[in-house]
Amino acid sequence: MRRLDSDTKLISDGNPSYGVCARDLGLAHSITLSKDEQAHVTFKWLNILIGNCKKFIDGTYHGREEHKQLYLEEFAYRFNRRHFEMSLVERLLNTCVFASPHPLLRESDSKMALAYET
């Protein structure tokens, strides 16, 4: 399934893999090298994202190296979920209600809950 619009323009730092990707997907591709005058404008939000990731790891985990991949995955999870703040409580409550086993429910109640899930 294609997740990019046909009018998407790929802007990269010139790595050959991006050119192959753009060609395979039929996308327009422009290259901005770091030595270019407009590079700081082109990659502004990428630089901000990388800086935020570094600050998150340094501030939360004090730069520990042993679980670096897990820290990056946690940052990506939080970054991708930043717009879902209002639904987090609702999702947590749903997960708690429908999680099994329910030690406080009688057997007939848990069968009813399971029937409701499906």
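- Ile57 is listed as a side-chain neighbour of Leu72, based on a closest heavy-atom distance under 4.5 Å.
- Taken from CZ in Arg78 to SG in Cys53, the straight-line distance is 11.5 Å, to the nearest 0.5 Å.
- Remark: Asn15 pairs with Ser17 by the side chain to side chain donor-acceptor pair (under 3.5 Å) rule, at least two apart or across chains.
- For Asp7, the side-chain contact (heavy atoms from CB on, under 4.5 Å) test picks out Asp5, with sequence neighbours left out.
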Going by atom type alone, with no hydrogens or angles, which donor-acceptor pairs under 3.5 Å involve a side-chain atom of residues 38-45 and a protein atom two or more places apart or on another chain?
| unit_1 | atom_1 | unit_2 | atom_2 | d |
| --- | --- | --- | --- | --- |
| His40 | ND1 | Glu37 | O | 3.3 |
| Thr42 | OG1 | Gln38 | O | 3.1 |

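- Considering CD1 of Ile11 and NE2 of His29, their distance stands at 9.0 Å, rounded to 0.5 Å.
- Looking at Leu33 and Asp13, their side chains never come closer than 4.5 Å, going by heavy atoms from C-beta outward.
- Remark: Leu70 CG to Tyr77 OH distance equals 15.0 Å, nearest 0.5 Å.
- Between Phe75 and Leu49 there is a side-chain heavy-atom pair separated by less than 4.5 Å.
- Phe79 and Tyr71 fall within the same hydrophobic cluster, where Ile, Leu, Val, Met, Phe, Trp and Tyr residues are linked whenever their side-chain heavy atoms come under 4.5 Å apart, directly or through other members.
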Requested in this report: Begin with the C-alpha distance, continue with both residues' side-chain angles, and end with the deciding distance and a verdict on side-chain contact (heavy atoms from CB on, under 4.5 Å) for Glu90 and Leu92.
Outcome: CA-CA 5 Å; Glu90 181 180 322; Leu92 177 62; over 6 Å; no
